[in-house]
2 protein chains.
Amino acid sequence: MVHNLTSARPAVNPLSGQSNLTTSRHLLLIVSWGYARPVPKPAADRALSLQLGVDRSSPVPLYFQLAQQLESAIEKGRLAPGTLLGNEIDLAQRLGLSRPTVRQAIQSLVDKGLLVRRRGVGTQVVHSQVKRPLELSSLYDDLEAAGQRPATRVLGNTLEPATAEVAAALGVAEGDEVRRIERLRLAHGEPMAYLRNHLPAGPLAMADAELQATGLYRLMRSAGITLHSARQSVGARAADAVEGERLGEPAGAPLLTMERVTFDDTGRAVEFGSHVYRASRYSFEFQLLVRP
Amino acid sequence: MVHNLTSARPAVNPLSGQSNLTTSRHLLLIVSWGYARPVPKPAADRALSLQLGVDRSSPVPLYFQLAQQLESAIEKGRLAPGTLLGNEIDLAQRLGLSRPTVRQAIQSLVDKGLLVRRRGVGTQVVHSQVKRPLELSSLYDDLEAAGQRPATRVLGNTLEPATAEVAAALGVAEGDEVRRIERLRLAHGEPMAYLRNHLPAGPLAMADAELQATGLYRLMRSAGITLHSARQSVGARAADAVEGERLGEPAGAPLLTMERVTFDDTGRAVEFGSHVYRASRYSFEFQLLVRP
DNA sequence: CAGTGGTCTAGACCACTCA
DNA sequence: GAGTGGTCTAGACCACTGG
C-alpha cells in the first residue's frame, strides 16, 4: 500500500488501500516507542491544577520546557485523555509567557499526535491510543526489554567496486569503490535478519568492533553525517537455499525484505541497505499520524 | 529498519544539551505523493528572481499561499536543489509580510522535507531526493499510469458478532455487532490483495456499490469521522490453500501481510484491517523524514 | 566580523463552535 | 454572545556560522 503511496500518483492511500483521487496529500507517520506504559488515573475535565513552570535561566527554550512538561504529564497520566488544556491566553499568563510561545509548545505536541486542537472548542489530550505500544509481534523490542540485547555478527566489511545496482542507489559511478558491510542480527542467540549495506567509500572507516557494538546510523552520525530522509521498500519473497541456511529457515520459507536508501541533508545518498528478515520472527510496526 | 533508523538518534538532545536516556523518542516519517515528476533546470545560487506574491483579499492564509508558491517553484525546478532562499527578513520585506508569517511558510516546507534550515547559513532547497519516486517495483502505479485502474470486488459486507481478536482491536465487547467487509483488489484484471476490514457497527451503513467505487476512508470521512492515527504491522507469511486460490498464487507462496487499527481523534478505534498482498506483485514503499 | 536562523514578546483581528 | 484556536504584525535579543 505504501508502495502506491510514494510513487507520486494518487494511487493508493496507505490508510485505506484505496485509490485516492485527491491532489496532494500528506501523511505524517510517527514511529514511537520506548514509552512507559501509562498508568491512567482519573483526572479533572480541566487541567487547572497542573504544576507547570519554566526556568528562564535555563538554556532550554521556553516552549520546549513547556512541551516537555506537558508531554510528561500526559505520559504519566496526570493529564488524562480527553482533558481540556484550557485556553492559550490563560495558560500563557499563568506561566508568564507570551501566547505564541505557548502555541509553539502546544503545536509540537499536536505534531506528535498527543494533543488535538479544535477551533472554538479547545485543546484536548488525545485518547491514549497514540502512545501505547502494540501487543503483537514487537519481538525485537520485547527481547531488548527482556534484557536480551540483540547481537550483531559482522560477516563482511570490505571495499569493492560498485555494481550497477549499488551505483544507481548511491548515485556514484559503476565501479567506484564502495564499502560493503554484511551483518547477521541475532536475538536470543537466534538469527533474525541478514543485513547488507553499501556506503560510499569516502569518509567512514569502520572497524568490525564498532559495527558489532553500535548501530550503523550512530556511527554515521558520529562521523558528522546529518541524516535527512530515506526511501524504503518493504516486500516479501521466498528464501533461497543460501538465505535459508544463513537464517535457519528452510528453503522456500517466507522472508520479509527491506531496501532502503538514506540521504543526508545535502541530498547525497549515504547508505544503501538490502535486508532480509525471518518472517516467522519479525514484523515491522509503526504508527501513522494523519495530518489534516 | 525502522529500528536501525530510530536507534540511530543521537544520545544527546541538541536542544537541551543533555543526555537523553529518557523514554520517549520519535521519528517522523512522511509519506508523500501527488508530486509531478520534477524537471530540474539549472538555477542561480540565490533565489533572487523568483516571482512571489500574496493575495491579501484571498481567504487562504498568507503563510499558506507563500508555502504553496515555494513548493510549486521547487517542484517545477524554478528553485533548484541547493538554492539558498535568502534571509527571512528580506523575504518578508519583499512580500510585505512579517517575519513570523514567512517563517511559518518556510517551516511547513521544512516539515515536508523540502527545505533545510541551518543557523548562520540560511535556508536551502533540499537536494531533490525527497520528491522523486522510486524506480524499482512501482508496479501498482505503473499499472495505473498505463490506464489500468485498480478494481475492487466486494466479497462480503455483513454484520456479525465480534470475535475476540476483532473485539480487542476495536475496543468493543466480544460478541458486539461489527461490520465485516471483505474485498479483493485487482489490477490489470489480476488479483493483487485480499482486504478484510472490521468496523464498529454503529454509524456507517455502506452499500457494496459505494465500496466498489470509493475508498473505505473516503466513506468514513464523508460520515464525519476525523481520522487521527493508525497502528500498523507489516509482515510476511506463506499462503494457505484458500488464500492461494483467492489470489492466484500456489499454496506456500510468500504473502505480504498488513494489520492496522485506525483511530479517530477522540481515540475510538474506527477500523481494523487485516490484509494480505501477493508478494510477487506488491511491495510497500515509503519515505522517512528524520526529525532533528 | 557580518549574516543567518532560533526564540520571544505584546498586542490585534478573525473564524469557528456551542449554548 | 462568549469562548476558543487561527492568523498576523513589528519589533527585540540571542546563538551559531562563516570568512
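In what follows, chains are A, B, ... by sequence order, proteins preceding strands, each numbered from 1.
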Subject >> Flag for A:Arg117-A:Gln107: side-chain donor and acceptor within less than 3.5 Å >> reply: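 Judged by distance alone, the side chains do pair up.
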
Original post:
Any side-chain donor paired with an acceptor under 3.5 Å for B:Lys112 and B:Ser108?
Top reply: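 Side chains of B:Lys112 and B:Ser108: no pair found under 3.5 Å.
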
Would one find a side-chain N or O of [X] under 4.0 angstrom from OP1 or OP2 of [N]?
X: B:Thr123; N: C:dT4; value: no
X: B:Asn87; N: C:dT4; value: yes
X: A:Thr101; N: C:dT9; value: yes
X: B:Tyr63; N: D:dC8; value: no
X: B:Arg56; N: D:dT9; value: yes
X: A:Arg117; N: D:dG6; value: yes
X: B:Arg103; N: C:dG5; value: no

Provide, to the nearest angstrom, the distance between the [atom1] atom belonging to [X] and the [atom2] atom belonging to [N].
X: B:Arg118; N: D:dG19; atom1: CZ; atom2: P; result: 13 Å
X: B:Ile89; N: D:dC13; atom1: CD1; atom2: C1'; result: 12 Å
X: A:Glu88; N: C:dA12; atom1: CD; atom2: C1'; result: 15 Å
X: A:Gln104; N: D:dG6; atom1: CD; atom2: C1'; result: 16 Å
X: A:Ile106; N: D:dG6; atom1: CD1; atom2: C1'; result: 13 Å
X: A:Leu91; N: C:dT9; atom1: CG; atom2: P; result: 13 Å
X: B:Leu97; N: D:dG11; atom1: CG; atom2: P; result: 15 Å
X: A:Gln65; N: C:dT7; atom1: CD; atom2: C1'; result: 12 Å

Original post:
Going by modelled atom types, is there a donor-acceptor pair between the base of C:dG6 and the side chain of B:Arg99 at under 3.5 Å?
Top reply: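 Indeed, a donor on one side and an acceptor on the other fall under 3.5 Å apart.
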
Subject >> Partners passing salt bridge (Lys or Arg N to Asp or Glu O under 4.0 Å) against B:Arg119 (at least two apart in sequence or in another chain) >> reply: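 Per chain and number, B:Arg119 pairs via salt bridge (Lys or Arg N to Asp or Glu O under 4.0 Å) with no residue.
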
Original post:
So what does B:Leu62 touch, heavy atoms closer than 4.0 Å: a base, only the sugar-phosphate, or nothing?
Top reply: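 The residue B:Leu62 makes sugar-phosphate contact but no base contact.
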
Original post:
Within the structure shown, what part of the strands sits under 4.0 Å from B:Pro100 by heavy-atom distance: base, sugar-phosphate, or nothing?
Top reply: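 The residue B:Pro100 makes base contact.
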
Original post:
Are B:Arg179 and B:Glu271 close enough for a salt bridge, meaning some N to O gap below 4.0 Å?
Top reply: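 Answer for the salt bridge query: no.
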
**OP:** Mind checking the CD-CG spacing from B:Gln124 to B:Leu79? Nearest 0.5 Å is all I need.
**Re:**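 If we round to the nearest 0.5 Å, B:Gln124:CD and B:Leu79:CG are 12.0 Å apart.
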
Scan nucleotides 14-19 of chain C against the protein and return all N/O pairs shorter than 3.5 Å with their distances rounded to 0.1 Å.
residue, atom, partner, partner atom, Å
C:dA15, O4', A:Arg119, NH1, 3.2

Subject >> Non-neighbouring partners of B:Ser98 that pass side chain to side chain contact (heavy atoms under 4.5 Å, CB included), sequence neighbours left out >> reply: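 By the side chain to side chain contact (heavy atoms under 4.5 Å, CB included) rule, B:Ser98 matches B:Pro100, B:Thr101.
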
Subject >> Step-by-step side-chain contact (heavy atoms from CB on, under 4.5 Å) determination, B:Leu114 to B:Val126 >> reply: CA-CA 5 Å; B:Leu114 297 176; B:Val126 156; 5.7 Å; no

